[in-house]
Each structure stands twice: as C-alpha cells, then as structure tokens.
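The structure under discussion appears below in the form of structure tokens.
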Amino acid sequence: MPELPEVETTRRGIRSALRGSAITGFVLREHRLRWPVDRQLGRELTGQHVVDVHRRAKYLLIELERGTLLSHLGMSGSLRVLPVDAPLLTHDHYDLVLDSRQCLRFNDPRRFGSLHWVTGDPELHPLLAGLGPEPLERGFDADYLAAKAKRRRVAIKQFVMDQRIVVGVGNIYASEALFRSGINPRRAAGRVSRERFERLVGAVRDVLGEAIRQGGTTLRDYVNAEGTPGYFRQKLFVYERAGEPCRRCGTPIRQFTQGQRSTYYCPSCQK
DNA sequence: ATGGGCACCTGGCTGC
DNA sequence: TGCAGCCAGGTGCCCA
C-alpha cells in the first residue's frame, strides 16, 4: 500500500471536493474487499454531508454527520475524485456520489483495501484501538521508542513497521529511514543504542515529511486524487536499488527477506 | 507477551 | 506463444 505519505497525499487531494458536499448515492460494484462491504451502506450514507476528512495511521476517516467511513487502501488501492460519468476501469469497486456531480471512486486490483461504517468514536474501533502514535506528532520520540524496544529481539526493521509501535511506516520508508539513520535492518530492536533511536526518530520524520511534499512514492499502482503519481521514487536511497551503488559510498545495495518482505540496505553505511 | 508464518487477491515480469 | 513461478506501498489471525 500506500504508506503514510501516500494516504496523507490522498487525504489532501480529496478533502476539498468532499468537505461540505452532500452524498447523493453510493455505488458498490464489488463488495468482496478485505472484509465484505455492507451492501446496504448507501441507505445509511445518502443524504448526509461530509464534515471533514481525517487520517489515522494508513486509514482515511471520512467524517459524516452521523458517523465515519473508515477506508484503507491496502497494497494497491487508490481513491480519486472524478466526474460521476467518468468511464469505469477494471477494479473500480465503489463510488461515493456527491451532489457536485463528482464522485469519490475507489480502485483496487488486489482488493486488500477495506471500507467500514463506524458510529461513535472511530478511535475505539477495533482496527484503530491498538495503534501506536503518529510519527509526525508528539508522542513519537527516542524515549518512547527505546522503552518499547527494551528486551525486544525482533529486527529493528520489523519493529518500526509494527503499527502498534508507530503507525504509517511501511516497507519502503522502513528501509529508507534505517539507511538515513545508519542502522542495520537486522539489528535486534533491543540492541539499538539511545543515540541511534534519536537518529531513527529524526529519519522517520524526515523521510515521511519529504515524501508527503513529493506527493508520495509511486512504484506500480499508486495515484493521488487527481490520478497523478507521486515523485518521491527518485529520492529513494535503497528501496528497489539492489545491486546499484549506494548514493553515499558507492557500495552495492543489498536485498534480503525479513518477515516475507524485501529489505534493502547498504552494508557499509548501516551497522 | 513475543515471534514467526500464512492468508487474502490480481497482475506484471522472467525464464523455460 | 504458453505457462509456471515469483514478486509487489498491508495487516489480521493462528500457532508455538
């Protein structure tokens, strides 16, 4: 998926079209997403206005008057704002139709994305309740990370990708943040020094912030609300660069597998 | 509690 | 040209 920068870019792109609009319909073409989508959802949504669009971790929260739509993009999902009559593409699974003659259209080839209707405080929803702090907000600092990492034997790469520890960091930005902070992705979380946690926190913030400014990273599927890709790919130091020279020292970038995911790192810059 | 592995899905690419 | 095998921005769940 889309990691935090891609979800945040999507949020910024869809917000102005959605906020204040009334929902005039909901078209569900494929309800078999990660979890089955309620086929009667349109009955609930129609007539409500969009209050605002928020993000928590990699979830988008579309706040309506009587509840919240909780949307996840999975690995290959994207949300676009389009005219209601825009031609359909394969894997266009649902449309949230607005009174502006536009719609919010969800496309997701792999169908790992999800959509839930939540009433009450969305933070209490089971999918959100156990999540860690937002990396770009207070609450994510070296003290916090070091405390969480104590006695943990998992590799630091998997540790920073654990959404219960900190949210928003996925496979691309985990490799990139570890490169920027000079930490070997194999190192046990509990054996990372205090000084290195300081650098890691800074690197996570920097890489996510820079990626948001570039509109995210597009590898294959990801496009923003206007259908254009993100440009952070050019700024990647290690991700998908196996065999190519390290941009800092020239050593060939290495790739290996951790937890069924590819990790990329520079064996000489990261210890 | 922690760690590890699998599952869910489609599509693009590689190599025989 | 066809097809098997592998890989891909995520994460809930099950097992030891």
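By convention in this document, chain letters (A, B, ...) are assigned in the order of the sequence lines, proteins followed by strands, and residues within each chain are numbered from 1. Note that the structure is predicted; figures quoted are calculated from it, not measured.
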Check your understanding: When the nearest nucleotide of DNA chain B is assigned to A:Val154 and to A:Gln260 on a heavy-atom basis, which residue is associated with the more 5' position?
Key -> A:Val154
Check your understanding: So, is A:Arg34 near the phosphate of C:dG12, with a side-chain N or O under 4.0 Å from OP1 or OP2?
Key -> no
**Study point:** C:dG10 OP1/OP2 closer than 4.0 Å to side-chain N/O of A:Arg110
**Key:** no
Review point. Is there a side-chain polar atom (N or O) of A:His91 under 4.0 Å from OP1 or OP2 of B:dG11?
Key: yes
Review point. For A:Phe26, what residues pass the ring pair (Phe, Tyr, Trp, His ring centres under 6.0 Å) criterion, not counting sequence neighbours?
Key: A:Tyr94
Check your understanding: Just checking A:Arg111: base, sugar-phosphate only, or nothing, at a heavy-atom cut-off of under 4.0 Å?
Key -> sugar-phosphate
**Study point:** Contacting residues from residues 112-136 of chain A, given that a heavy atom lies under 4.0 angstrom of DNA chain B
**Key:** A:Phe112
Check your understanding: Can you name the residues that form a ring pair (Phe, Tyr, Trp, His ring centres under 6.0 Å) with A:His116, not counting sequence neighbours?
Key -> A:Trp35, A:His125
Check your understanding: C:dC13 and B:dC9: how far apart are their P atoms, nearest whole angstrom?
Key -> 15 Å
Practice item. For A:Lys157 and B:dG3, give me the distance from atom NZ to atom P, rounded to whole Å. Key: 16 Å
Practice item. Linking directly or through intermediates, with side-chain heavy atoms under 4.5 Å: list the remaining ILVMFWY members grouped with A:Val97, chain and number order. Key: A:Val27, A:Val84
Check your understanding: So which of residues 174-192 of chain A are in contact with DNA chain B, with a heavy-atom cut-off of under 4.0 Å?
Key -> none
With the criterion being N/O to N/O and under 3.5 Å, what pairs connect the protein with nucleotides 14-16 of chain C, and how long is each?
none

Exercise for review: Just call it for A:Gln158: base, sugar-phosphate, or nothing, with non-hydrogen atoms closer than 4.0 Å on any strand.
Suggested key: nothing
Practice item. Report the residues that fulfil salt bridge (charged side-chain N to carboxylate O under 4.0 Å, His left out) with A:Arg29, sequence neighbours left out, ordered by chain and then residue number. Key: A:Asp95
Practice item. Would you mind classifying the nucleic acid contact of A:Arg32 as base, sugar-phosphate or nothing, using non-hydrogen atoms under 4.0 angstrom? Key: nothing
Check your understanding: When all nucleic acid strands are considered with a 4.0 Å heavy-atom cut-off, which category describes A:Asp221: base, sugar-phosphate, or nothing?
Key -> base
Exercise for review: Under the ring pair (Phe, Tyr, Trp, His ring centres under 6.0 Å) rule, collect the residues that match up with A:Phe179, sequence neighbours excluded.
Suggested key: A:Phe237
Revision key, fill the gap. Contacts satisfying side-chain hydrogen bond (donor to acceptor under 3.5 Å, both in side chains) that involve residues 77-90 of chain A (not counting sequence neighbours) are none
Practice item. Quick one: list whatever passes ring pair (Phe, Tyr, Trp, His ring centres under 6.0 Å) with A:Phe256, sequence neighbours left out. Key: A:Tyr265
Study note, to complete from the structure: Contacts of A:Gln255 and A:Gly259 projected onto DNA chain C by closest heavy atom; the upstream (5') one is A:Gln255
**Study point:** Residues in side chain to side chain donor-acceptor pair (under 3.5 Å) contact with A:Gln255, at least two apart in sequence or another chain
**Key:** A:Ser262, A:Tyr264
Study note, to complete from the structure: Its dot-bracket string being built from Watson-Crick and G-U pairs below 3.5 Å, with | for another strand and [ ] for crossing, DNA chain B has the pattern .|||||||.|||||||
